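See structure below.
Basis for what follows: all heavy atoms, side chains included, without hydrogens, waters or symmetry-related copies. Values in this document were obtained by computation on a predicted structure and should not be read as measured data.
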Amino acid sequence: MALQRFNNIFAEQNAAIAQLVEHDLAKVGVASSSLVCRSFDGINHAAMVELVDTRDLKSLGQKWLYGFESRSRHFHNVFIMRNHLFLSLSICSVLVLNSCSKLGPLSADNFTVTPNPLETQGGQVPATINGMFPAKYMKAKAVITVTPELRYGNGQVAQGRSATFQGEKVLGNHQAISYKIGGRYTMKTAFNYVPDMQQSEMFLTFDARLGKKKVEVPAVKVATGVLSTSELYKQTLMNAGGCIAPDSFQRIKTQKTEANIKFLVNQANLRQSELKNNSVQEFVQMLRKINADREKLNLKNIEVKAYASPEGGYSFNNKLAGKRQDTSEKYVKQQLQAAKLGKANIDAHYTAQDWDGFKRLVQASNIQDKDVILRVLEMYKDPEERERQIRNMSEGFRELADGILPELRRSRLIINYETVGRSDEQIKEQYAADPARLSPDELLYAAAMETTPAKKEAIYKKTAAFYDKDYRAFNNLAVLAFNEGNETLAKAYIQQAFSKNPKAPEANANLGLLALKHGNLQEAETHLSNAIDANELGEALGNLNIAKGNYATAVQNFGNSNSNSAALAQILNKDYAAAVATLKSIKNRDAMTDYLMAVVLNRQGNTATAKDYLQKATAADPALAAYAAKDLEFSNQR
């Protein structure tokens, strides 16, 4: 009986110890009715005090403690209360140390990436990352560097721009994050695009340290894939082709020939010396030519414009200018009769005081009072006041009387006529009979009328042979080679074009297009800056601005062009209705035309029709089929 009482006493003591341990564990956040087990082996030993609930302990300290087990086996009956206290303090110390030495993982929910999926722009993959450190995460002495990574291909990694953040007790210049409330941040990054990035994943990696100790924080995936539609310009630019150096052929051209006859002061008679000057002689000869070749030269009319210089008063000059008109018109009628063009229309009129001519000649002169005279003309509108003010400048007026006024006492005789060139049929007939008799512009025009590259090439080669100093045929042969994908031959022809004209604008534009096709933006921009006067430069500039990511500017460059690149610019500028209209208007349709139609219709939500265009495009071009399999534009179609 005495032994039984003794055992009961020790059992009660052990139970009391167990209750105290549970009480202490509850203070550090671990409480469970099954946590502490009590038993007695009947031989004056406490069998075991066992702590085994790892689930509750894992929740302590932000899930960083993965289990805790403490066993006390076969305690002697002299088990004392300080052992219970030591056990409780040890548990608390382990939990606190584990909690302070780690930061723990971050969730994808803590980050937002724009855009997602990522998109190419200007040869890069830009991204804006909005992140958040949650409350009670950034410890006071923590420093975390966040680095975006784009993982693609066969284990390849592209790293973006990093950003560093620090806890409140760190001495540094980085953004400080509160431990108590956390903090938000924004960081921008960009990756240089390569095609394999279509299938990629963007991660954020973390270089974390607590004081001098490195702490592991797992990387977080924040975006998937890259939309690379803007990079299609390298293929779409082939639809419009290179820059053709144009012909200047016009079947009907407006022309004029002008003669000038001068009069002595206050006189209106025609002097023989004036009728023998070169301009009058050319006037007479042109009338004869028109009569001799009425098929190619078409006389419209003759203008007679007579003038009096502004000095001398309006009334006198009005009569004088009228007389000069009459004598000049009479002379013209005589010459028309002599050239057998007597029925020609004559438009005759006169100007009493030629102030406009006066101002123009003064501006172009070097007379002493030039600026003063011009100010008088601006200040005074009344002719008599103008003349009075100018005469007051005695020295200046003498210069006017000697150098300016005699040039204003004149008549202008102007022949307005048209040159009429060969018709389209006549050019074709002449080319078949003897192409050497055609002008370079007629030959280039003949090539423009042909529809097949082979026939165009034949005409350009003949043009280059007949007119080997003209760069245009060589440039246009380069365009044909470029359109066929023969870049080596295209460059050779371009060099020949430069040998004829080192500043050939279309040749520079075509070098720019070759550079763009390979994504060499800086080289392309250099060449296009030397192509300001090139024909169809807007097409080349539009492609350049697509490549640079300037979509609105590219749309302006293309203007009313109906090409694949023009439609691509409209798609990237999100002007979908305009893009559809452009694609429907393209004359030289190809597989890329259908592919772009599939893209824009799919973006508009017309998925069924988009699928039809996509199938048509990929059936026509196997390379597009391989591209489409990775293209996020059609992720909803797979």
Side-chain angles (χ1 to χ4, degrees), residues 243-260 277-305 332 335-336 338-349 411-451 456 459-460 462-476 479 497 500-501 503-506 509 531-538 559-560:
C243 289
I244 292 287
D247 62 87
S248 60
F249 175 76
Q250 287 180 278
R251 186 164 187 267
I252 298 176
K253 293 182 179 180
T254 300
Q255 306 280 10
K256 66 171 56 180
T257 296
E258 181 173 335
N260 279 278
N277 74 45
N278 290 337
S279 67
V280 175
Q281 291 301 306
E282 289 173 3
F283 176 89
V284 173
Q285 290 172 9
M286 180 54 67
L287 291 177
R288 294 171 183 171
K289 286 181 181 179
I290 291 172
N291 178 58
D293 192 359
R294 297 196 180 197
E295 182 180 348
K296 294 182 179 179
L297 298 171
N298 177 37
L299 179 62
K300 301 297 290 182
N301 72 338
I302 307 291
E303 288 184 84
V304 176
K305 299 181 177 181
V332 169
Q335 298 307 313
L336 286 172
K340 299 180 181 179
L341 297 170
K343 295 182 180 180
N345 178 44
I346 299 176
D347 178 16
H349 50 273
S411 283
R412 297 168 58 203
L413 313 180
I414 304 169
I415 303 172
N416 293 309
Y417 65 101
E418 296 172 337
T419 57
V420 182
R422 291 183 174 95
S423 67
D424 293 358
E425 287 304 317
Q426 288 173 327
I427 289 175
K428 290 179 180 179
E429 290 172 2
Q430 185 61 59
Y431 181 80
D434 185 3
R437 295 177 64 88
L438 292 171
S439 70
D441 285 307
E442 287 174 323
L443 284 167
L444 294 174
Y445 180 74
M449 287 191 288
E450 297 296 342
T451 57
K456 289 178 181 289
I459 297 175
Y460 288 142
K462 286 188 180 294
T463 308
F466 297 148
Y467 302 99
D468 60 357
K469 299 290 189 287
D470 193 324
Y471 81 92
R472 293 177 295 176
F474 296 101
N475 175 84
N476 296 354
V479 170
K500 315 305 175 184
N501 180 356
K503 296 182 179 180
E506 288 81 13
I532 300 302
D533 297 323
N535 179 46
E536 299 173 350
L537 180 62
N560 295 324

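- Side-chain atoms of Y445 and S439, non-hydrogen and from C-beta on, never get closer than 4.5 Å to each other.
- The shortest non-hydrogen separation linking K456 to A448 is NZ-O, 3.7 Å.
- Proximity of R251 to S423: side-chain heavy atoms (C-beta onward) are separated by under 4.5 Å at one or more points.
- The closest donor-acceptor contact from the side chain of N535 to the backbone of I244 lies under 3.5 Å.
- Take K305 and apply the salt bridge (charged side-chain N to carboxylate O under 4.0 Å, His left out) test, not counting sequence neighbours, and it matches E303.
- Other residues, nucleotides and ligands contribute only 12 or fewer heavy atoms inside 6.0 Å of the CZ atom of R288.
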side-chain contact (heavy atoms from CB on, under 4.5 Å) between L413 and V280, intermediate numbers included: CA-CA 8 Å; L413 313 180; V280 175; 5.5 Å; no
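- Not a single donor-acceptor pair under 3.5 Å links the side chain of K300 to the backbone N or O of E418.
- Among all heavy-atom pairs drawn from A531 and A509, the shortest one is CB-N, 3.7 Å.
- Put simply, the side chain of I427 reaches to within 4.5 Å of the side chain of M449, judged on heavy atoms.
- Within the structure, every pair that satisfies the salt bridge (charged side-chain N to carboxylate O under 4.0 Å, His left out) test and touches residues 424-447, not counting sequence neighbours, is listed here: R422-E442, D441-R472.
- Put simply, the side chain of T463 does not reach to within 4.5 Å of the side chain of N476, judged on heavy atoms.
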Check against side-chain contact (heavy atoms from CB on, under 4.5 Å), K343 and L299: CA-CA 10 Å; K343 295 182 180 180; L299 179 62; over 6 Å; no
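- Applying the 6.0 Å contact sphere to CG of N345 captures more than 12 heavy atoms from other residues, nucleotides or ligands.
- Residues F283 and I302 meet the side-chain proximity criterion, which asks for heavy atoms closer than 4.5 Å.
- Contact of the Y431 side chain with the L438 side chain is registered, since non-hydrogen atoms from C-beta on lie closer than 4.5 Å.
- Side-chain contact between I415 and L287 is present, with at least one heavy-atom pair separated by less than 4.5 Å.
- Across all non-hydrogen atoms, the minimal contact from Y417 to T419 is CE1-CG2, 4.1 Å.
- Here the closest non-hydrogen pair linking K462 and P435 is CD-CG, 4.1 Å.
- Of all heavy-atom pairs between P440 and D470, the closest is CB-OD2, 4.0 Å.
- Using a 4.5 Å heavy-atom cutoff, the side chains of I252 and Q250 are not in contact.
- Other residues, nucleotides and ligands contribute over 12 non-hydrogen atoms within 6.0 Å of the NZ atom of K253.
- Taking CD from E282 and NZ from K289, the interatomic distance works out to 8.5 Å, rounded to the nearest 0.5 Å.
- Of all heavy-atom pairs spanning Y460 and A447, the tightest one is CE2-CB, 3.5 Å.
- The number of heavy atoms from other shown groups lying within 6.0 Å of NZ (K500) is above 12.
- Side-chain atoms of N277 come within 3.5 Å of backbone atoms of N260 as a donor-acceptor pair (strictly under, hydrogens ignored).
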